[in-house]
Every structure is written in structure tokens, then in C-alpha cells.
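Structure first, commentary second.
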Amino acid sequence: NWIVIVLLIVMVLLDIIAHRKNFERLVDNKENEKVTTALDASTSTIVDFSKQYLGYPYIVAGKSPETGFDCSGFTRYVYSKYGYSLGSTTASQQNAGREVSRSEMIPGDLIVFYNEEMTKVGHVGIYIGDGNFVHAANPERGVVIDNIDTNTYYNARFITVRRIMN
């Protein structure tokens, strides 16, 4: 008898928790909508917005300022504040928007790179101009700016540029 009662209580509590998470998601979405409408989705504002996270920690699977960022979590977070939806992985982001050539890069474009072994897609950042891009680099460096032209590591691993904004 007690076991049945305890199981029923646990089931009710789990249901309450699930509904609370759904409610929190709805509240978060409403807050994001307010932020999105307040922000002008120009390339310069996306660049400025992304640069405010310089120095934030790199955390595997991180996707917010509260938790820290990994590379795709960082780009997804930045673009979400302007109403753009990117995939949660670098592999999914490599096909976002439309491809443009490296010589046509403009601030706000995504730059996609191979992994360290150069065997698959492994990294993404946001181009900010003059060869520079902002990205969540690794656990030692966090969110930083690097130059694709002078940084031999990233220059050698360049795959594509994706234009997200019109």
C-alpha cells in the first residue's frame, strides 16, 4: 500500500516538474522575443553584441552566458538574440544560410572550420572584419578574437563562409 502511494506521489511530482519546465521555456521564449524585437539585426550590431562576451569561459555544450559557451553554442546564442535560428552543432551550422566565398566575407558571417585532425567539421565563429573573427576557442582561452589570415591553425582549417543575414 505504501509503495503504491509513494509511487503515485512521485508520478505527480514528476508531472509538476515537467509542466514547470515547459512554463519556464515559454517564459524564456517570451523574454527572447522581447529582446529580439528590441535589437536591430544589422551586421554591426551582431558584431558588437558578440564582442561583449569576450573573456567568457569555454564550456563543452555551453550555450549561454550563465553556463559559458562552446563554439556552436556561442554562435547560436548570438544569432538567436536577433531572431535567427541556428542548429545546436557546428555540423548543422555549416549548412545554415547561404554559402559565400571567403573573399566576399562581411562582418556577421559564420566561418566554419575543420576539427584538429582535419577530418570533419569541428569549429565555427563569427566574422567581425579585417580578417578577425570572434569565437569560443577552447577551455584555455574561452571567447576570444583571432585572425583567420594570420592564425595558421584556423587558416589551414577553413571550410566555408555562411551568410545568415540577408
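Keep in mind the model is a prediction, meaning the values are calculated, not measured.
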From CA spacing to verdict: ring pair (Phe, Tyr, Trp, His ring centres under 6.0 Å), Y77, F74: CA-CA 5 Å; Y77 177 81; F74 175 68; 7.9 Å; no
CA sep, side-chain torsions, deciding dist, call: D70, I59, side chain to side chain contact (heavy atoms under 4.5 Å, CB included): CA-CA 5 Å; D70 68 8; I59 303 293; over 6 Å; no
Chi angles and distances behind the side chain to side chain contact (heavy atoms under 4.5 Å, CB included) call for T160, L110: CA-CA 8 Å; T160 188; L110 290 183; over 6 Å; no
Test log, rule side chain to side chain contact (heavy atoms under 4.5 Å, CB included), inputs F113 and C71: CA-CA 11 Å; F113 303 92; C71 64; over 6 Å; no
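Following chains of ILVMFWY side-chain contacts shorter than 4.5 Å, one can reach F49 starting from V143, so the two form part of one hydrophobic cluster. F133 and Y84 are members of different hydrophobic clusters when ILVMFWY side chains are connected at heavy-atom separations under 4.5 Å. Cluster membership for Y58 and V112, using ILVMFWY side-chain heavy atoms within less than 4.5 angstrom, is not shared. V47 is connected to I164 through a chain of hydrophobic side-chain contacts under 4.5 Å among Ile, Leu, Val, Met, Phe, Trp and Tyr, so both are in one cluster. Residues V134 and Y82 are members of one and the same hydrophobic cluster, defined by side-chain heavy-atom contacts under 4.5 angstrom among Ile, Leu, Val, Met, Phe, Trp and Tyr.
A donor-acceptor pair shorter than 3.5 Å cannot be found between the side chains of T119 and E117. Using a 3.5 Å distance cut-off with no hydrogens or angles, the side chains of S101 and E104 do pair a donor with an acceptor. Counted by atom type alone, S72 and T75 present zero donor-acceptor pairs between their side chains at under 3.5 Å.
Annotation for T89 and S92: closest pair O-OG, 2.8 Å, computed over non-hydrogen atoms.
Within the model, atoms OG of S88 and NZ of K63 stand 8.0 Å from one another, a figure rounded to the nearest 0.5 Å.
Under the rule for a salt bridge (Lys or Arg N to Asp or Glu O under 4.0 Å), D48 has no partner lying at least two apart in sequence or in another chain. Among residues two or more places apart in sequence or in another chain, the side-chain hydrogen bond (donor to acceptor under 3.5 Å, both in side chains) test is passed with R141 by D146.
Between the side chain of N132 and the main chain of I145, no donor-acceptor pair closer than 3.5 Å is present. Looking at N151, its side chain never comes within 3.5 Å of a backbone N or O of I148 through a donor-acceptor pair. The closest donor-acceptor contact from the side chain of Y56 to the backbone of T67 lies at 3.5 Å or more, if one exists at all. The main-chain N or O of R162 is never found under 3.5 Å from a side-chain atom of E99 such that the two would form a donor-acceptor pair.
Taking the ring centre of Y153 as origin, the terminal cationic atom of R157 falls inside the region bounded by 6.0 Å and 45° from the ring axis.
Residue E116 qualifies as open at atom CD: its count of foreign heavy atoms under 6.0 Å is 12 or below.
Between D149 and R102, at least one side-chain nitrogen of the basic residue sits less than 4.0 Å from a carboxylate oxygen of the acidic one, meeting the salt-bridge criterion.
The aromatic rings of F69 and Y53 sit perpendicular to each other, their planes meeting at more than 60°, with 30° as the lower class boundary.
When side chains are defined from C-beta on, F158 does not count as touching Y114, because their heavy atoms never get closer than 4.5 Å.
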List the atom pairs, donor and acceptor, that lie under 3.5 Å between side-chain atoms in residues 120-129 and the rest of the protein, sequence neighbours left out.
| unit_1 | atom_1 | unit_2 | atom_2 | d |
| --- | --- | --- | --- | --- |
| H123 | NE2 | H135 | ND1 | 2.7 |
| Y127 | OH | D130 | N | 3.2 |
| Y127 | OH | G131 | N | 2.9 |

